[in-house]
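Remarks on the structure that follows.
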Amino acid sequence: MLTNPTEIEAKWQERWYAAKINEADRDDRKKFMMIFAYPGVTGYLHVGHMRGFSYVDDMSRYMRMQGYNVMFPVGTHATGNGPISLAKRVAAKDENMISYLLRNGCPEKKLEDLTDPVKVVEFFNDVYVRQYWRRFGFLADWRRFACTVHEPYGKFIQWQFRKLMDAGLLIQKPYFAPACINCGPVAIDASETDISCGGNAETTEYTLIKFKCGDLTLLAATLRPETVFGLTNFWINPEVEYVKVVNGDEIWVMSRPCLDKMKYQKDKLKEVGSIAGTELIGRTCIAPFTGNEILCLPATFCDPNVGTGLVMSVPSDAPDDWVALRMVQEDEEQCRRYGLDLDAVKAIRPIAIIETKGWGPMPAVEIVERMGITRSGDPKLVEAKKIVYKEGFHAGKMNANCGKYSNLPVDKAKDMMKDDMIRANEADLFFDLSEKVVCRCGEPVVIKKVDDQWFIDYANPEVTAKSKAHAKRMNIMPNEYFVNVHGVLDWFRERACVRQGNWLGTRFPFDEKWIIEAISDSTLYPIFYTISPYVNDGSLKAEQMTTEFFDYVFLGQGVAEHVAKRTGLDEELVQRIKQDVDYWYPLDLNLGGKEHMTVHFPAFLMNHVAILPEEKWPQGIFVNWYVISKAGKISKSKGGAQPIPGAAEKYGVDALRLYYAHIASPFADVEWDEDILENYVSKIDRIMRTVEELSALAESEAMEGIDLWMLSRMGGHVSNVVEGMKGYDLRTLANVTYFDIPNDMKWYLRRGGSNGAVMAKVLNMWVRMMAPITPHVAEEMWEHIGGNGLVAQAKFPTADPADRSLEAEIAEDYLRGLMDDVNEILKVTKITPKRVLVYTTSSWKAKAMSMALGLLRTGELKTPTLTKAMMSDADIKKHGKEAPDFARKLAEDLVKRSKDEVSRLEVQFDELAFMSSVAPFLSKELNCEVQAFSAEDAARTDPQNKARTAQPRRPAIFVE
RNA sequence: GCGAGGGUAGCCAAGCCUGGUCAAAGGCGACAGACUCAAGAUCUGUUCCUGCAGAGGUUCGCCGGUUCAAAUCCGGCCCUUCGCACCA
């Protein structure tokens with residue numbers, strides 16, 4: 001038997017792939033199709049990704065052993081700008097990128113190729129397949145490989161979008177999205193694939209409120225348009241030079257950084273000059289709604305980079321405003337400098353507008369007081385603002401000062417007032433990012449308006465309702481997600497599905513200027529794997545993948561003969577493809593990381609429901625959690641994670657696979673820890689040695705109790721695993737196979753088990769149980785014990801009912817219980833035993849027990865009934881002193897027992913005979929003389945009269 | 001903000017849906033013993049507190065409730081992790 005994991009892996013992978021057992025073709029078996037959500041091509045993957053991937057191989061191997069014809073295809077998702085930006089960075093000789101590539105094993109001479117995005121994709125496709133999936137021994141059908149940027153896949157996506165259009169699910173409307181001013185649309189996310197900083201930024205919607213000031217319109221950007229009723233003044237930063245911008249017949253005033261951003265959102269802005277902040281201070285402007293004239297006052301907290309750089313002042317509810325107002329009112333010198341009317345300034349009072357439970361009428365005044373804030377720029381203001389905003393917005397309602405909005409909850413009033421003001425041309429919208437975002441190219445990212453953006457209408461009520469109903473029938477794991485997915489489907493709304501710019505992906509079939517974006521082209525794709533072998537072997541060409549072709553093979557619409565004629569394909573081939581599709585589809589299980597719960601899975605589900613007939617809707621979803629590093633999520637972009645081939649070499653593939661399956665429930669994150677890996681490595685070592693040792697046992701000696709026990713236990717283990725695997729519970733499979741069974745083996749040997757025939761049977765079952773999770777070492781052991789063919793193709797074991805021996809299991813439990821008790825006595829008394837005497841129950845107690853069990857069965861077991869029954873028995877009545885007490889204990893004890901325990905008590909078990917047979921074993925274990933007696937044996941040795949405490953299934957013990 | 005998950009002994013982690021077999025699986029780690037010249041590996045035992053007889057006591061984030069009985073069911077609170085759309 002080989003022992004080096006790398007050699008074992010190479011040996012068996014070669015045999016599997018040579019025998020093509022990974023290739024799935026239609027036959028007359030029942031089928032099972034499962035995938036993992038294909039990874040994006042963004043660079044090297046790390047050991048964390050292999051967790052979910054290996055689950056799919058584990059499960060598909062298990063299903064194969066259960067007799068299913070299993071299809072496990074793989075592919076990659078290269079849509080987007082990941083490969084482009086990688087290529088750009090290589091071309092720019094970016095040192096971080098180069099060293100990252102080399103560190104992960106990219107050959108130096110390959111670097112030149114990687115300046116081409118298409119070659120980047122092909123390079124990583126090869127890395128993923130060879131260095132990750134094949135390296136891990138996956139029985140994936142490589143012939144079915146698909147990549148989203150290959151032309152035939154694009155044909156499929158275009159067909160999908162035509163179907164969405166037919167179903168009325170493609171709609172067009174304006175959209176505001178983050179974009180680099182240079183490269184076009186970018187994704188803003190924590191992993192910062194497209195950008196070099198600002199991954200946590202969010203898009204903020206400001207309401208621009210217009211304040212007439214002579215012929216100028218001052219624009220205040222606010223998050224709280226509902227507070228206009230509380231306006232007391234306007235803030236201008238005296239140190240800022242504002243710009244004047246013509247928009248229609250208005251002249252807008254804003255800061256320059258604001259104009260730079262707004263240009264991307266409004267078409268006809270024309271800069272016509274500038275005006276100093278100081279020039280505006282002291283003027284009055286007209287507040288919308290109220291029509292009040294308010295004064296422009298100086299405030300340095302107006303940041304030209306935030307919003308418009310102009311701020312409307314609501315001192316009742318905005319702490320910044322209140323602090324600034326007080327400062328202005330107290331600084332008479334400044335008022336004089338700006339020529340302000342001192343009395344008018346001093347007369348400004350906050351106007352209460354919102355009632356919030358637990359707060360007075362002026363929350364801002366209150367909190368500034370409470371936190372002791374006196375100056376603008378005090379860092380505590382950030383916190384103050386947060387508190388007031390949160391409380392007011394969610395718990396407050398508009399007060400009597402607010403006209404027709406009085407009494408409305410603040411969050412409702414906000415939207416109504418915003419809409420009303422926009423309609424009345426008193427306001428507009430402006431989008432900005434909550435923090436600075438810079439593209440990978442170095443240019444800033446802004447929010448850009450797109451006028452004719454296409455969306456997939458996931459809010460469509462019919463598709464949503466059908467999807468929700470179908471989700472109820474699906475096998476969705478974990479259960480929490482099964483429950484939650486309905487909420488997600490409800491919340492799912494229109495989703496922008498195409499984008500412009502320099503992107504890899506499929507052209508939008510209705511307008512070639514668009515490219516279908518990354519999430520929208522990866523929803524229906526599992527069905528593509530049913531036809532991909534024909535694509536990959538050249539018998540189906542991209543130009544033959546017409547609408548009619550897809551309509552026929554996927555939807556069963558049209559006639560094969562026509563499709564054949566129009567595409568030039570053989571009619572027989574067209575029919576064969578359709579039969580393949582009908583055989584394999586629907587998808588049985590789609591496994592993906594938890595990040596897919598609110599993005600991919602709902603879209604996956606709804607596209608199937610919207611496009612395919614009901615019998616092709618997916619059957620299952622499995623969500624897995626991550627492997628994280630101590631610092632947090634192991635991230636592709638941040639590095640630091642163990643490269644996959646290195647880990648495979650270091651620990652062995654099977655140890656890694658076992659680690660993933662066993663370390664925790666799939667529905668919890670785990671922390672990557674090298675020390676723990678070592679434990680799994682030695683676990684596998686030990687198991688291999690155990691198998692080697694046990695397989696050498698001599699053939700057929702007489703069958704003993706311990707042999708019956710071993711076989712019985714094995715059957716129980718198999719049943720538990722098979723039951724668990726109905727819910728794809730790999731952890732139970734792992735725990736039983738790699739931990740419980742070895743522990744049983746240990747006990748078997750310790751008890752002197754040595755039956756070669758029994759062990760041959762047990763090992764044969766055990767090795768097959770190891771085949772799904774640690775397939776390489778399982779093959780090696782399978783070969784060693786003389787198993788038939790490849791274990792990967794063997795049947796998963798089933799429990800043989802004839803092997804079940806409750807009595808044998810009871811006996812060993814009895815023995816272990818006894819040993820525990822003896823150990824406890826030895827521990828407490830600190831005796832080194834010279835002699836241990838054991839007394840089994842007296843027959844009257846055994847009789848009482850069976851009476852009690854009888855009463856329990858009929859539901860009559862109570863202390864008085866049992867006592868009465870016992871006293872009417874002559875044998876028991878002789879022990880009239882002890883009996884009532886025993887009856888009470890028995891009755892109290894038995895009602896608490898589970899069904900399983902009770903049924904064990906009902907099994908006949910000769911305690912004395914068993915004790916006599918295990919006395920030699922105990923004697924060896926305890927290293928002293930051991931004798932067993934019946935408690936009723938008049939000739940027994942019993943120096944302390946312990947025998948009287950013996951009970952059924954609980955012998956009395958004497959130690960000296 | 002919206003939504004979801006988690007808090008179990010020194011650590012990791014099952015159990016919770018379906019209450020009683022739960023002082024709570026398993027694994028690490030630690031301690032002791034066996035084996036060994038020794039170390040490692042392996043095996044055995046111990047590992048909440050108390051206890052010179054197999055027992056008792058106090059535990060499963062906190063508070064309260066339901067129940068004969070709660071880690072498990074219900075309510076509230078505290079802490080924590082995660083997802084939230086052009087990133088797959």
Side-chain angles (χ1 to χ4, degrees), chain A residues 37-42 77 79-82 175 177-178 185-195 199 202 390 393-394 411 453 455 458 478-481 483-484 487-488 491-499 503 516-520 522 592-600 602-603 625-626 628 633 636-637 662-665 667-671 673 675-676 678-680 682-683 685-686 689 731-732 734-736 738-740 743 746 749-750 817-818 820-831 895-902 904 925 944 946 949 954-959:
Chain A
Y38 49 18
V41 180
T42 46
H77 185 266
T79 310
N81 84 334
Y175 184 58
V186 293
I188 296 181
D189 70 306
S191 68
E192 302 188 340
T193 335
D194 298 349
I195 54 183
E202 288 174 39
K390 194 174 160 184
F393 186 71
H394 295 284
D411 54 348
Q453 175 69 49
F455 293 81
Y458 289 117
N479 189 51
E480 289 73 22
Y481 186 54
V483 174
N484 184 232
V488 178
W491 159 86
F492 222 54
R493 48 182 202 270
E494 303 92 350
R495 183 187 173 94
C497 61
V498 293
R499 63 197 306 175
W503 299 88
I516 293 165
E517 68 74 44
I519 285 160
S520 303
S522 54
K594 62 179 172 180
E595 74 278 19
H596 293 100
M597 288 194 289
T598 49
V599 185
H600 167 66
W625 266 238
Y626 302 143
I628 55 176
K633 184 178 168 180
K636 285 182 254 188
S637 53
H662 182 259
I663 184 67
S665 145
F667 317 127
D669 288 332
V670 297
E671 210 173 80
D673 183 336
D675 294 342
I676 290 176
E678 296 289 353
N679 292 326
Y680 286 98
S682 57
K683 170 57 88 177
D685 259 14
R686 221 176 307 156
R689 280 203 306 274
R731 193 169 191 276
T732 293
N735 206 44
V736 169
Y738 301 89
F739 293 89
D740 293 348
N743 282 340
K746 256 196 263 184
L749 291 174
R750 189 174 166 193
L818 175 69
D820 285 346
D821 280 347
V822 172
N823 276 332
E824 173 115 18
I825 293 166
L826 295 179
K827 181 182 132 200
V828 172
T829 61
K830 303 190 174 71
I831 295 174
V895 289
K896 287 191 202 172
R897 301 285 163 175
S898 67
K899 264 193 192 148
D900 193 48
E901 267 196 315
V902 170
R904 284 169 154 255
E925 288 284 322
Q944 289 181 8
K946 291 282 182 194
T949 62
R954 193 87 204 269
I957 300 164
F958 172 73
V959 177

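Labels below follow one simple rule: chain letters A, B, ... track the order of the sequence lines, proteins then strands, and each chain is numbered from 1.
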Partners meeting ring-ring contact (aromatic ring centres under 6.0 Å, His included) with A:Y738 (sequence neighbours left out): none
Rounded interatomic separation in angstrom, taking OH from A:Y458 and C1' from B:rA85: 10 Å
Closest listed nucleotide, where the reference is the side chain of A:R954 and the choices are B:rC82, B:rA55, B:rA85: B:rA55
Set of side chain to side chain contact (heavy atoms under 4.5 Å, CB included) partners for A:I516, sequence neighbours left out: A:I157, A:F161, A:V498, A:T506, A:F508, A:P509, A:S520, A:D521
d(CG, A:N735; P, B:rC28) in whole Å: 12 Å
Residue list, side chain to side chain contact (heavy atoms under 4.5 Å, CB included) with A:I825, at least two apart or on another chain: A:T829, A:I957, A:V959
Reported CZ-to-NZ distance for the pair A:R686 and A:K746, which is rounded to 0.5 angstrom: 7.0 Å
From B:rA53, B:rG26, B:rA88, nucleotide with atom closest to A:N743 side chain: B:rG26
Contacts of A:T598 that satisfy side chain to side chain donor-acceptor pair (under 3.5 Å) - sequence neighbours left out: none
With the criterion being N/O to N/O and under 3.5 Å, what pairs connect the protein with nucleotides 11-19 of chain B, and how long is each?
residue	atom	partner	partner atom	Å
B:rA13	O2'	A:R731	NH2	3.0
B:rA14	OP1	A:S665	N	2.8

Sugar-phosphate only, base, or nothing, as touched by A:F958 at under 4.0 Å among non-hydrogen atoms: base
Kindly give the atom pairs (protein nitrogen or oxygen, nucleotide nitrogen or oxygen) under 3.5 Å for nucleotides 1-3 of chain B.
residue	atom	partner	partner atom	Å
B:rG3	O2'	A:N484	ND2	3.4

Extract from the structure each pairing of a protein N or O with an N or O of nucleotides 6-9 of chain B at less than 3.5 Å, listing the distance.
none

A:I519 side-chain proximity, nearest of B:rA25, B:rA88, B:rG54: B:rA88
Sugar-phosphate, base or nothing in reach of A:A603, heavy atoms under 4.0 Å: nothing
Contact state string [nucleotides 39-49 of chain B, B base, S sugar-phosphate only, - no protein heavy atom under 4.0 Å]: --SSSSSSS--
All side chain to side chain donor-acceptor pair (under 3.5 Å) counterparts of A:D821, not counting sequence neighbours: A:R954
Parallel, tilted or perpendicular, as decided by the 30° and 60° cut-offs, for the rings of A:Y458 and A:F492: tilted
Sugar-phosphate only, base, or nothing, as touched by A:K830 at under 4.0 Å among non-hydrogen atoms: nothing
Any residue meeting ring-ring contact (aromatic ring centres under 6.0 Å, His included) with A:Y481, in chain and number order, not counting sequence neighbours: none
Which residues share a ring-ring contact (aromatic ring centres under 6.0 Å, His included) with A:F667, sequence neighbours left out: A:F622
Non-neighbouring partners of A:R493 that pass salt bridge (Lys or Arg N to Asp or Glu O under 4.0 Å), sequence neighbours left out: none
